[in-house]
Enquirer: 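Take a look at the following structure, please.
Per chain, numbering begins at 1; letters A, B, ... match sequence-line order.
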Amino acid sequence: MSQASRGSGPSIVIRGGRVVDASGERRADVAVVEGRVAAVEADLDVPSGARVLDAGGCVVAPGFVDLHAHLRQPGREEAETVESGSRCAALGGFTAVVAMPNTTPAIDSASVVREVIELGRTALCEVHPSGAITVDRAGERLAPMGEMADLGVRIFTDDGTGVQDDGLMRRAMEYAVGLPYDVVLAQHCENDRLCAGGHMHEGEWSSRLGIAGQPAEAEEAMVARDIALARLTGARIHMQHMSTAGSVALIAAARAEGLAISAEATPHHLLLTHAECASFDPTFKVNPPLRTDADVEAVRRGVLDGTLDVIATDHAPHPPEAKDEPFDLAPPGMLGLEFALGVALSVLDLPLPELVRRLSTRPAEIAGLTDSQGGPVEPGRPANLCVFDPTATWTVEPGMTASRSRNIPYVGRTLSGRVRHTLRAGEPVVLDGTPQR
Amino acid sequence: MRHLLSSADLDRDDVEALLDLTDSFVEVSNRAIPKVPALRGRTVATMFFEDSTRTRLSFETAAKRLSADTMSFSASSSSVNKGESLRDTALTLEAMGVDAVVVRHRSSGAPHRVASWVDVRVVNGGDGWHDHPTQGLLDAYTLRGRLGPLDGRRVAIVGDVKHSRVARADVAILTTLGAEVTLVAPPTLLPPSIEGWPATAVHDLDAVLPEVDAVVLLRMQRERMTEALVPSLREYTARWGLTVDRARRLRDDVVFMHPGPMNRGVEIAPEVADDPRAVIVDQVRNGVAVRMAVLFRLLAGEGPEPVADVVSDGADDRSVAADLSEQPVGAGDGGAT
């Protein structure tokens, strides 16, 4: 037995759980003092005045890191704010999110980067802005990546759209390699010409429903192009929301070749197929679109074997009035932060340390956040932690979200695995599934 | 039947019941005063977000011949131009006490969305590329009138299947009645997949024509040229048009159909459109009776008994219509035609 509290100030003991990080798992209590992990040992004493968080039956893991969240601020506050989005994140066990740049204005300059960083200071999780690759995400001129990187931006993407111009993408990669930071170019892989006018996966269901389609090849063509350009330039690239069997195969081959490539899968592409669109409910409209059973199976296998080394949410809030439209007139996107863990545990038979690697350790490495995020859970590390019950089952109901939006694609589904507590730098921002602010 | 949203929702019994009912309403339409009081006091609104004079007039005529009151909402002259959403428009009509809305919209699935928002009967009057159930029904009715039962009959649907709600409706309804449907088009005008469709697809019209009992020609839209789907109208007509030469090689009892509006000289030669084998005018005429059957089925109950009564001529007959009102036929607001 040892003392939980080595410093002064209030302390927390997370008691009775299994500590899981990328290195493995062990039964241990975790003491937190002054925002940092103070001890990780079995049967810790609880010092007087310390707060005890019950972790019975639970996993105590490094907080999750989402490489892909749309927080909508500035400019679309009716859909989400940094604060409301960070509350969703905390409820989902995330202690850091990378905010996508398709805001209004776009995060394409130092001033907007500063604004988002400032908004994130009071959020329920760390908020790290990504920066646009091109000015206003218009795909025409390079955005000032250097000045954004000076402020800490490490992921650049035009997410919402891919950089269509091959030559411009090559220049972006070349320029990024020369920056004095380890930055990553993340791509929303969709060839706009091949997707022209499409609103769902091109195939059996789009044909039947009479909705213009986005072929799988539109994604794969850009994945293949970016792999070739990474080979040419030596840039680090990250493939966002991979949704097709062909994309997974391309990434596996690029990885085998030794290229610095990472890739993410979303919860919805791990669970849902284009058949969901049969109701014409635009809740199921998303880019890239929900695809076939075979694609879902390939994405699952990709996560299991590590080809897809990250699970990221693509949390994309849209207010009800935007989704209360015919399918083709509604914007693409669905909520994800609060459901990612439940979906992942429900559909993936993955050892818990591997799950933590996909949701926390690996994304923290890619985003350059290893000082504070991603584990390991050991003394001295910042106490960014989540505590979840991997077997708790729950049924998703309409409106079951802290988002300002309601576009949940999992309503009516029963998920297993639910977050109990989340600590951001030692502060319990979620306790017993309830946000504390 | 609560709504008529998708052709595939109708099973064979549903389709046959509607076509049999249509027979009765054809008879009504042929009377000196083509009107029955079946839907007196009910209100049918047409909600058209896309220009379609013929379909809107057909539905309104159908409603009026059933003595329903009608309201016409069209996007070009409405609050849609002021930014009102489809949902708010539908809620507005519901609040006015409408019993049924006929929705025509350029978005596939728009009628399904409307049905999810309001407690009103919804008829799909044509949605995007998806479906046009009353067109499928009137095509089936017209074809049955010429050919008799459709079991084993071979129908070619020729042209821009990919962008055609008529093709999807016809495939569903004609095959439900036992017809064998072949889609004929260049690959660029076929849907990306016909997996699960009860139809086959080929590219060569001349290979198919000797086998067919009926040809449905689809409207070829000029904008398909700019999308590089076919090189030119001239090439389209040469390969997929029902030309005089092709028509000459077909039997006398083969039926030519077109949902209109036609591009004479493109998908169908002018002379062929006026050929006795063409039933294009019959399609329009039957459209009114089919839509009467659909509105009647949705708004006046489902049993066969009131159907026989309601369309009967005798003013003394004990009928559902008589139950609804003691007023003479044509006295309702919808009576002014």
Enquirer: What part of D328(A) gets within 4.5 angstrom of chain B, counting heavy atoms only: side chain, backbone, both, or neither?
Expert: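 Just the side chain, heavy atoms under 4.5 Å.
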Enquirer: Under 4.5 Å, counting heavy-atom pairs only, tell me which of R208(A), E202(A), H199(A) racks up the most with chain B.
Expert: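 Option with the top pair count is R208(A).
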Enquirer: Taking everything shown except R239(B) itself, do over 12 heavy atoms lie less than 6.0 Å from its CZ?
Expert: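 It does not: R239(B) CZ has 12 such atoms or fewer within range.
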Enquirer: For R219(B), look at atom CZ and say whether over 12 heavy atoms of other residues, nucleotides or ligands are found less than 6.0 Å away.
Expert: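 Atom CZ in R219(B) is packed in, count exceeds 12.
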Enquirer: For S107(B) and P326(A), indicate whether the former's side chain and the latter's backbone hold a donor-acceptor pair under 3.5 Å.
Expert: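 Checking the backbone N and O of P326(A) against the side chain of S107(B), no donor-acceptor pair under 3.5 Å is found.
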Enquirer: Which heavy atom of W117(B) sits nearest to which heavy atom of E325(A), and what is that distance?
Expert: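 Looking at all heavy atoms of both residues, the closest pair is CZ2-N, 3.8 Å.
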Enquirer: Of all the residues in residues 170-193 of chain B, which have a heavy atom that comes within less than 4.5 Å of a heavy atom in chain A?
Expert: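 So far as heavy atoms go, P191(B), P192(B), S193(B) are the residues that approach chain A to under 4.5 Å.
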Enquirer: For E204(A) versus E195(B), what's the shortest heavy-atom pair and its separation?
Expert: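 The answer is OE1-OE2, 3.4 Å.
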Enquirer: Distance check, rounded to the nearest 0.5 Å: S207(A) atom OG versus R168(B) atom CZ?
Expert: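 One finds 7.0 Å between OG of S207(A) and CZ of R168(B).
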Enquirer: Answer yes or no: is there a donor N or O on one side and an acceptor on the other, between the side chain of R87(B) and the main chain of E321(A), under 3.5 Å?
Expert: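 No; judged by distance alone, with no hydrogens or angles, the pair does not exist.
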Enquirer: Enumerate by number any residue of residues 211-223 of chain A whose heavy atoms lie under 4.5 Å from heavy atoms of chain B; in the absence of such residues, state 'none'.
Expert: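 Against chain B, the residues of residues 211-223 of chain A that fall inside the cut-off (heavy atoms, under 4.5 Å) are I211(A), A212(A).
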Enquirer: Taking the side chain as C-beta and beyond, is there a heavy-atom pair between L329(A) and H105(B) under 4.5 Å?
Expert: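 Yes, close enough: below the 4.5 Å cut-off.
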Enquirer: Please round to the nearest 0.5 Å and tell me the distance separating atom CG of L209(A) and atom OG of S6(B).
Expert: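 The OG atom of S6(B) is 8.5 Å from CG of L209(A), to the nearest 0.5 Å.
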Enquirer: Indicate the ring-plane relationship of F280(A) and H130(B), choosing parallel, tilted or perpendicular according to the 30° and 60° boundaries.
Expert: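 Because their plane-to-plane angle is over 60°, the rings of F280(A) and H130(B) count as perpendicular.
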Enquirer: What part of H163(B) gets closer than 4.5 Å to chain A, counting heavy atoms only: side chain, backbone, both or neither?
Expert: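 Answer is neither: H163(B) stays 4.5 Å or more from chain A.
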Enquirer: Would you mind reporting whether H112(B) and D281(A) have side-chain heavy atoms less than 4.5 Å apart?
Expert: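 Side-chain contact under 4.5 Å: no.
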Enquirer: Is any side-chain heavy atom of F327(A) closer than 4.5 Å to a side-chain heavy atom of S108(B)?
Expert: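 No, too far: nothing below the 4.5 Å cut-off.
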